Structure formats: structure tokens, C-alpha cells
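In what follows, a single structure is set out as C-alpha cells and then discussed.
Since this is a predicted model, take the numbers as computed values, not measurements. Letters go in sequence order (proteins before strands), and every chain restarts at 1.
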Number of protein chains: 2
Amino acid sequence: MENPRELFQIMTRRLGLLNKTCCSVDGCDLSVNQSHLLYEIDRSHNPSMQQVAETLGTDITTFSRQVQSLMKMNLVQKTPDPTDRRIYTLSLTPEGSRVTATIDQQMNEFLNEVFSNMSEFETETLLRSIKLFNEAMGKSSKCCKPVTG
Amino acid sequence: MENPRELFQIMTRRLGLLNKTCCSVDGCDLSVNQSHLLYEIDRSHNPSMQQVAETLGTDITTFSRQVQSLMKMNLVQKTPDPTDRRIYTLSLTPEGSRVTATIDQQMNEFLNEVFSNMSEFETETLLRSIKLFNEAMGKSSKCCKPVTG
DNA sequence: CTAAAAACTTGCAAAATGCAATTATAAGTT
DNA sequence: AACTTATAATTGCATTTTGCAAGTTTTTAG
């Protein structure tokens, strides 16, 4: 288990399993992808479809349909950009905000439950380390830019 | 960004993007799922189908088909268990081993590239922290056991 | 020796995906 | 202004992935 990749593989698999079970709010059943989408729309300020799709590394046509189904669920809304009418701006509906906040809370509850098996010092060290790691990934040329092919 | 969930969300998204682009070996194009499958078969000692499917949190019927396609690609083989003929034992073919090792190497190269943007101390701290975190998840009742519903 | 359970597979229908083509708007060129 | 090119988003269609229900084969229990 000295292999860095192994550590990350196990971790992401377990986090993935968590996600699978963690996205049901108010009878609203969300897939992992949908929760990512809500998260990202919430985080950015009135992003365009392209922007979010690229951030998530999702094909724009697939993304278009994902947005459509979230609109049907009344969680997301599309607003035409006044300065460029080709562009639609995404935002959460009030219900979407509630659902997103609830998911966030559930995830944090789960994480805290896991952290209860670690010391406070270990937890803080972990969080600080991940923050650094995320920054390092941001600097990397190989990551986060959905390089096609 | 003080929110633990945010840190993990960003991290897993970026690692997920990495995975998307990282699984092409010798003309063999593998999906993320398939690489997880190879990884897990490699890691366990002659596991049964059920075992791997459960570990990965995949429905057994879906898993059965995933194995079939990896067998067609000549990366995985199924061996009937001599003591219980209902059970099939999974293992990698020589080619499967090569491919799996190559993916492992590619992933580690990527990780090292990211680590080059961190100090050696920070990297070691990160890896130690993740190890602790994985252990903590293992102790958690809410995780890693694909609880249905 | 029959019934129940377990491991795995297949049928089928639903959902997700991505490329190609289309619509609508914007920007650049002559 | 007229025309071409580029960009944002959607739709058609075919492929792949998924999971439940049902089936086969083998093992275990009563």
C-alpha cells in the first residue's frame, strides 16, 4: 500500500460508493452526475452551459439533456443572456438551492462521521493536505482540462 | 473553501477527469469502470465474481457483462472453482497483467507530476493522511458497504 | 429426496452517451 | 449591406450501459 495510486484508487472508490447512496432528498432521487451539476451551478456565478459542461468534462450535448431533466425536476433554470442571446445562463431554483444545501449537509455529516475515527489533528492535516493537492492539480498541465483524445 | 465536502468534491472531480483520459494502453481503450475492474482483480487473490462486484458496488448482472467484454479483449479469464462449481474465479491474463501494470504506471506518473508542484514534506503528509482517511472510512458504518436503498 | 438458497447468465426495456447535423445568434470581411 | 465564418445550444440517431425479472446450474438444508 505504499503505491500512491493505490491510496487514491481506494479512496475514490469509497467516496464513489458514498455518492451512490447519498443523493436522495425530499423524494427527489438524484444521480451522482446530477449532484455534481447542481454543485457546480451553485458554486459558479450564473455560468453558461458551455462553462459548466467544460468544467465537468461532459460532452455538451449530453450536458444539454442533463440540464433539461433537472429543469423538469424544477431544480435548475435557464435564463437567456441579455448581451448575447446565444448564451443561456444557469442558476438554481429555490427548490434546487434547498436540495443542493441538503446534499452538502449530508455529505459533510458523512465526512464528519468518518473523521470521528481520526484525531482532530489528523483531520486538520488531511484537509490542509487535500487543499494543497487540489492547488497542485490546478497547476498541472495534465489535469482538469478535459483533453480530448 | 473551508467546507470539507467542497475539498473532496473538487478533488474527486479532478481525479475523475484524469481517469477519463488515462486508460488507453496498446490500442486497448478502457473505460474507467474497466480499469477499476482490472485493478480489483489484480489486487485480490482469485476472487469470485460476487466478491469483486460487491467490492465495486456494481450490480451482479452488469458486472457479469463487464467481465464478458474484458474476456473478449483477452484481459481477464474465468476459472471454475474446483470445490464449488457455481463459482467462477477471476484472474488477469498475461496481457491483462501488462495492461494493468501500464495503467498503474501511468497513474503514478501523473500523480508524481502533480506532486512536483508540492514539497516532499507536503507530499508525504498527504499520502499519510489519505492512508489514515481510508482506514477511517473502513471503520465507518456508512461507507463502502453498498447499502441498497 | 425434495425444497430452498446461492452463483452466475440472459431477456428486455429504460437511461445515458456522443457524434453528426441543425437552429439561432454574433462577429468578421469585402 | 451582404456574405462568410464562428459560437452556443439543441435534436436525431445509433451505441453502450444499466438493472430488474426470470432462468440455469449447482450446493446446502430439512
Next on the checklist: Is it the case that C:dC8 (base atoms only) and B:Ser48 (side chain only) share a donor and an acceptor within less than 3.5 Å, ignoring hydrogens and angles?
Outcome noted: no
In whole angstroms, the gap separating P of D:dA9 from CG of A:Leu70 amounts to 16 Å
The helix from C:dC1-D:dG30 to C:dT30-D:dA1: angle between terminal helix axes, five bp per end, to the nearest 10 degrees, reads 10°
Per atom distances to the B:Ile60 side chain, the nearest of D:dT11, D:dT18, C:dT9 is C:dT9
Has A:Asn33 got a side-chain N or O lying under 4.0 Å from the OP1 or OP2 atom of C:dA15?
-> no
* To do: Would you please test B:Phe115 and B:Leu127 for side chain to side chain contact (heavy atoms under 4.5 Å, CB included) and show each step?
  => CA-CA 11 Å; B:Phe115 295 158; B:Leu127 293 178; 4.1 Å; yes
* Please check if the side chain of B:Asp42 supplies one atom and the backbone of B:Leu38 the other of a donor-acceptor pair under 3.5 Å. => no
Value for CG (A:Leu132) from CE (A:Met137), rounded to nearest 0.5 Å, stands at 13.5 Å
OP1 or OP2 of D:dT10 versus the side-chain N and O atoms of A:Ser64: is any pair under 4.0 Å?
yes
A correct 5'-to-3' footprint of nucleotides 23-30 of chain D, with B, S and - meaning base, sugar-phosphate only and no protein heavy atom under 4.0 Å, is ---BS---
Kindly indicate, with the supporting measurements, whether the criterion side chain to side chain donor-acceptor pair (under 3.5 Å) is fulfilled by A:Glu113 and B:Ser140. CA-CA 7 Å; A:Glu113 204 262 337; B:Ser140 164; 2.6 Å; yes
In whole angstroms, the gap separating C1' of C:dA15 from CE of A:Met73 amounts to 14 Å
When rounded to whole Å, the CD to P distance for the pair A:Gln68 and D:dT10 reads 6 Å
note: B:Gln51, atom CD; C:dC8, atom P; distance rounded to Å ~ 9 Å
Between CZ of A:Phe63 and P of C:dC19 the distance, given in whole Å, is 17 Å
*asked:* Heavy-atom count check: over 12 atoms from other residues, nucleotides or ligands less than 6.0 Å from A:Tyr88 OH?
replied: no
Verdict with reasoning, B:Gln50 to B:Glu54, per side chain to side chain donor-acceptor pair (under 3.5 Å): CA-CA 6 Å; B:Gln50 292 276 356; B:Glu54 188 174 334; over 6 Å; no
Verify the ring-centre separation between A:Phe8 and A:Phe133: is it less than 6.0 angstrom?
yes
Taken to the nearest whole Å, CG/A:Asp59 to P/C:dC19 is 6 Å
Here the distance between atom P of D:dA9 and atom CD of A:Gln66, to the nearest Å, is 14 Å
- Is there a donor and acceptor pair closer than 3.5 Å between the side chain of B:Thr61 and the base of D:dC20? yes
Rounded to the nearest 0.5 Å, the OG1 atom of B:Thr61 sits from the CD atom of B:Gln66 at a distance of 9.5 Å
With the side chain defined as heavy atoms from C-beta on, A:Arg65 is closest, among D:dA8, D:dC13, D:dG19, to D:dC13
Any donor and acceptor pair, going by atom type alone, linking the side chain of A:Gln51 with main-chain N or O of A:Ser48 inside 3.5 Å? yes
Examine distances only and state if a side-chain atom of A:Ser31 and a backbone atom of A:Gln34 form a donor-acceptor pair shorter than 3.5 Å.
-> yes
Among C:dT17, D:dA9, C:dT9, the one nearest any side-chain atom of A:Gln50 is D:dA9
To the nearest angstrom, the CE-P distance between A:Met49 and D:dT7 comes to 17 Å
